[in-house]
Every structure is written in structure tokens, then in C-alpha cells.
Protein chains: 2
Amino acid sequence: MNGNGRSGGRPTLEEVAVRAGVGRGTVSRVINGSSKVSEQTKAAVEAAVTELGYVPNRAARALAANRNDAIALVIPEPEARFFAEPYFSEVVRGVGAALAETDTQLVLTLAGSDRERRRLAQYLSGHRVDGVLLVSVHAGDPLPELLAELGIPTVISGRRSAAETLPCVDSDNLAGAAEAVRHLLDRGRRTIATITGPLDVYGAHCRLDGYRQALAAAGRPVDERLVAVADFTEEGGRRAMRELLERSPSLDAVFASSDVMAAGARRELRAAGRTIPHDVALVGFDDSVVARHMDPPLTSVRQPIEEMGRTMARMLLERVSGRRGSTGAEGGPAVVLPNRLVVRESS
Amino acid sequence: MNGNGRSGGRPTLEEVAVRAGVGRGTVSRVINGSSKVSEQTKAAVEAAVTELGYVPNRAARALAANRNDAIALVIPEPEARFFAEPYFSEVVRGVGAALAETDTQLVLTLAGSDRERRRLAQYLSGHRVDGVLLVSVHAGDPLPELLAELGIPTVISGRRSAAETLPCVDSDNLAGAAEAVRHLLDRGRRTIATITGPLDVYGAHCRLDGYRQALAAAGRPVDERLVAVADFTEEGGRRAMRELLERSPSLDAVFASSDVMAAGARRELRAAGRTIPHDVALVGFDDSVVARHMDPPLTSVRQPIEEMGRTMARMLLERVSGRRGSTGAEGGPAVVLPNRLVVRESS
DNA sequence: GACTACTGTGGGAGCGCTCCCACACTGTGT
DNA sequence: ACACAGTGTGGGAGCGCTCCCACAGTAGTC
């Protein structure tokens, strides 16, 4: 009937100890894979554990050991809407995969509205997680600093600037963009325009740099009239495309810094009577659902999002256990993963 | 330097009590909004709490009260890939919104591979969460039963059959499909075909029923040659469309039970030289990104996914606290939320 | 034979809460 | 005057662990 009845309840470590004919301490040592337990007693304890179906009580462990065996994944809500598409679930999958081996929980927290952010800050101050994974942090976000003050290990995805101080995992935006542009050059395109994201976003900036470097490497001059700045939205992509067509009607290729902007560009190109890829080749970035279902299917730069998630989680776990081992070693390494161009019919 | 130094550490309830000049019990009562505390002492305690920046220790609370203040959202991985698109993030957003008010954590668990499912079962047996949210459960899934045995409150999304026994939240698939078909009839379409999902999936079955009922209500006979069964994939949709065109070349409208299948159908229609919507009107289901970015943009039935998430979470919280209040009231209510047709250029 | 030097092991203390019993105090009725 | 319920309140006990000190046992050394 009730959940914690006398003898029917879940077994405790103490009961395991009695069953195995050893002390509590010994059982604890076995459970935690600690050293210095004779093979014999270890076997006895393990037998008792399986017989009783013992599962450690997480709360008790957390209380006694002053840790949580949980990390938080913080999702900035408003953004999520944009780049949510496969991104979100892929990150989660990667993180989940990395965590599957450990017995660390993944706690999901949304931080969209200001109210939610305040709650989050308060939540984190309660030290209810051992570490935090931050996805797509803005340059001015106070969260990383707060976490540093609280001494909570943090890993972010995507550098906020070239001089990122926090441990982070990023994809090689520059190389990805460069590859896209090189691909267009290889296809014989001569006048390649680009639609960028907001340039205060570091990733967007890198993609533009990649565009420039690829052209430069091919000995082509970079015509600034072929660069249009947008905001990662479809409407923005559309507007940018309109501008580009006006400024350089002779363009024959466009590299958009996101699939969604590419979708906007495609609409505008169609409206202007240009066919894809015949008149204008189009390449996007993200390799999202949008890319796969566009007409024609969009060539796009694929980020290894799942792997980024996995890497982030692993880095964080390392820092968590590192700190537990009293090392204060700061100075975050930045892991940069390669991107891959997925060629489809649009180019 | 270290995280749990002597006097710099986070304040405990006891310290709050001392500061406020009251006993521990009283502070606990105030914190938990419990009854029977005089306004005066309550104010004093609250002052002490803010002065000290007190945040209750979740682990201690969980241990003492034998609850977790956490619920799990179980995501069946393989599926996630398909219907992940906005679905996943929207559910999470809804659940998160509902949880924001309480101080319940959202723990995310993936259950893709068999190994992961075993780990999950083991995890859940540890009673580490107060309740579980199950997304898209298959008819034969043993998880619900396991949870019932463990006495862990559960809410699922989507009924597994007409006689769903578990508390669940679903969208009105039948009515949504019927509305889509009615819309096509209103547009003057005469020969409306449908592409269904696998019929052992209850939701797919309902959508087909909606199709039939709408036709019947309009006094149209249901021609079984206009029904093609597919599997929710794009390729399946394509194949089904091919069949339909062969069997009934004169069709002038198609209702597909998912946007992805509609995308497949669209490809096949194009290949067959039919224009959309001029020759054939097309309607999908889900109102996913695919629908918005299709060419032409796809009319689709929108499920209130975020609200479903919110509702699920609320139901679960209710059951969790209900059970805590020792009521064993079983017999799950099924909440069915209305769908809405989003009309775009494809019809 | 007494010394140190390990290796395993048992179990006390304590983590920060909640639960609940006991104890003031107030009133009200006899 | 006495008993009685009712309201606030204090604080003991205990949740199930981990940490760590103490101690028994064995082995090697002077």
C-alpha cells in the first residue's frame, strides 16, 4: 500500500551489509568500485547486492558526499525556436550517449523569459547540479560568469569570440564555409555571393571569414557588394537576396550561412525568375530538415552536432571529477570539430 | 578556494532558524508554505532567508521526505529521428513551462537501444523520480507495466488504443483529419485520396477514420482504392502516391497523415507532371518545418504539441502529489486536445 | 620478542532536511 | 478552581549514504 513499508521497501546499504556479513563501509567501498577490498568479500557483497536487488539511494548519496551526479543542460528558449530543428535533439542525443556510461542525470532547464532566467540562476545557486552545459551563449550573457563565481564547472557550445576563455566545443565554421565556397568554385561558379548571420555572433563571423579566405585562396578578389548581412531568419535571407540581386544581378552562386536563410534566398531567386541550380547555385549551412526537403534539395554544411554534444558532456564530466579531485586547473581547452559538406542538387 | 568551506558555505535551515530566533521546525514550515505559523514569525523567517540567501538542499529534502522533486521524460530514441522535428523541442517547452512554477526537475532519459532501455528500467526501479512522462509509446512496450508495478505515476502522450488505460494526453486525430478532408471538399475537390500511417498505430488509424467520416458526412462514398497505407516516411509517401496515381489517375486531392509523407507525395506528383494545388491539392499532418518550407507551402493539421506537453506535466504532477496524499485513485483520464488546420498554398 | 608497516575492515559521526511528538500558552466551558 | 480543546512552537529521531578514524590481522625488520 504505502511506498516505504517496513520489509517490502527497497533494500538499504545496511541490509546488504548484513546479508553479506560485512560492515557498511565495506559495502560502500564495493559499490563505489573503491580500492582495497579483498576479492572474497567483494564477491560476497556483489552477491548480496544482486540477491536483494539493491540500488543505491541517490539522495542519500548526494547528501553525504556533497555531489549530485547530475548535470544541467541549459537551453535558451527563444533561440531554440530557430535552430531547434534537428539541433536540439541531436545535442541531447550526444549528451545522453556520453552520460549513459556514467550514472549522471541530465537535467533540462529552459531559460527563455527573464523570469525563467532568474529562476535558473537561483536554481543553480542551490548547487543542485555538478556541472552545466550551456548551448549557444550570447556574448553578453551573465550566466557563465555567475557559474564561475559559484565554482560550478561549465562547458559551452560555440565560442563567443576568438578569445573564448571557457572550455567549449565548436565546429570549424571557417573551414566549413570555405569548403562550401570552394565547392562552388569547383563547379565553375564565377560570381559567388554570401548571406551572413549577424556579425556580432562569432560563428557567423567565422563563416564569412571562411568565404573570404576561400575566395582569396583561389586568387579571386572579394567584392564587398557580394556580401549581405542578415539575421539567420528566412525573411532576412529573402531581403538579403533581394539586395544582392539588385547590386550584382550577374551573380551565379550564393553561400548562405544557414539553411533557413537559404530557404528565404531560394524564394527570392524563384520570384526573380532564376532557376536553381542552373542560373544560381545555392549552398546553405546546418544541413537541417529544411535542406533535405527543399526543392531542389539544398547542398549544405553539416555540423557534427551529436558529436559536439558528446564531447561537451565528456569534457564537463572530466572537469567535474577533476574539481572533485581538488585540482583547480582552469583555462578551458577549446575543442573544434570538423564540418562536412553534404552535396545535393542545389549546386 | 574549495566549495564547501566552513563558514562561507551555503546556509542551512538550522542557521536560518538561529538567525530568525526560532526552531528548525518552524523554518521548515515556512519554507514549505505549511499552515499554522503566525504572521510575525513567518515574516522573521522570511527575512532571515533572504538575508542569508538560503536555498534548501534538495538532496537532504529528498532523503528526509522520501520524494525527489523530479520527473523523467523518456524519449524513445529511434523514433525521435522521425518525428523529432519541432515535436521534441515543443514537448520539452510545454513540460518545462508547466514545471517552471513548481520546483520539480526535468530529467531527460533516452531509451533507444536495448541496452539503454535496460539501464532505464534499472534507473526507474531506483525510484529516482517521482513520476514519468512517456512520449510515443508502442502498443507492446513493457515500460508502462513496469512503471505500474513500481507504483510510479505515469502519463503518456498519445493513446495506444481506443481503450487506453493509462492517463494520457492526445490530440484529436480523428477530428483533425476530418477537418482537413472537409477543407478539401469545401475547395471543390471531388476525388480525395489519403495516405495513411501504419494502421496498428492508433493515431494513424484515427486519422483514417477521420477521413472516412468526413467523406461519409458529406454523402460521398468511400472508395477503398483511394486509401494507401504507408509508414510515415518520405519514401513510403512516395510509393503510396505512385500507387494512388496508378489506381485512380483522376484524383484531385490527397490528404497525407504526416507532412513527411506529404513531401514524398509531392515529389511523386511533380514527377508525374501534376501541379500543386492546380491539379492536385495536398494536405499534410503535423505542421512541421517541412510543411512551412515546402514548395508550395503545405496546408497541414497542427497539433498543439506544446500544450500537450504542458498538460501531461500537469497531470503527472497532480498524480504525484495525489499519491503522496495516499489516494490510490487509478483509472486514467484521457485528455484530448483539439487540432487546427493551417491553410497554405498547397490546397 | 618487541618494533614498525602495511592491508582490510567495522562502525561512529554527520550531511541537511522532514516528520511528528511533546510542550507551552491561550481561551472557553463547567 | 479544574479540565479541555486548540494553536504555535521547539527539537529529537531518523532518512541512507560517505567519510574517516580506529583497530585487528599479517608480515617483515632490528
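Everything numeric here is computed off the predicted structure, so don't read it as measured data. Atoms considered below: every heavy atom in the structure, side chains included; atoms not considered: hydrogens, waters and symmetry mates. Protein chains get the first letters and strands the later ones, always in sequence-line order, with residue 1 at the start of each.
Side-chain nitrogen and oxygen atoms of A:T26 include none within less than 4.0 Å of the OP1 or OP2 phosphate oxygen of C:dT9. Residue B:N32 has a polar side-chain atom (N or O) positioned under 4.0 Å from OP1 or OP2 of C:dT18. Residue B:T41 places at least one side-chain N or O under 4.0 Å from the OP1 or OP2 atom of D:dT9. Put simply, A:N66 has no side-chain N or O that comes within less than 4.0 Å of OP1 or OP2 on D:dT18.
Of all nucleotides listed (C:dG16, C:dG8, C:dT18), C:dT18 comes nearest to the side chain of B:S28. Picking from C:dT7, D:dC19, D:dT9 the nucleotide with the shortest atom distance to the side chain of B:S38 gives D:dT9. You'll find that the side chain of A:R61 is closest to D:dC17, out of D:dC17, D:dG16, D:dG8. Closest to the side chain of A:T12, out of D:dC17, C:dG8, C:dG16, is D:dC17.
Formation of a donor-acceptor pair under 3.5 Å by the B:E164 side chain with backbone atoms of B:R160 is found in this model. Without hydrogens or angle criteria, A:D170 side chain to A:R159 main chain gives a donor-acceptor distance under 3.5 Å. Side chain of B:R19 to main chain of B:L52: no donor-acceptor pair is present (N/O by atom type, distance under 3.5 Å, no hydrogens or angles). The backbone N or O of B:L143 lies less than 3.5 Å from a partner atom in the side chain of B:D141, making a donor-acceptor pair.
A salt bridge does not link B:R314 to B:E307: none of the charged nitrogens lies less than 4.0 Å from a carboxylate oxygen. Using a 4.0 Å cut-off between charged nitrogen and carboxylate oxygen, B:R128 and A:D69 do not count as a salt-bridge pair.
At a threshold of 4.0 angstrom between heavy atoms, the contacts of B:R24 include nucleobase atoms, whether or not backbone atoms are also involved.
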Pick out the pairs of N or O atoms, protein on one side and nucleotides 20-24 of chain C on the other, that lie under 3.5 Å.
unit_1: C:dC20; atom_1: N4; unit_2: B:R29; atom_2: NH2; d: 3.4

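When each of B:G21 and A:V55 is assigned the nucleotide of DNA chain D with its nearest heavy atom, B:G21 is the one assigned upstream, toward the 5' end.
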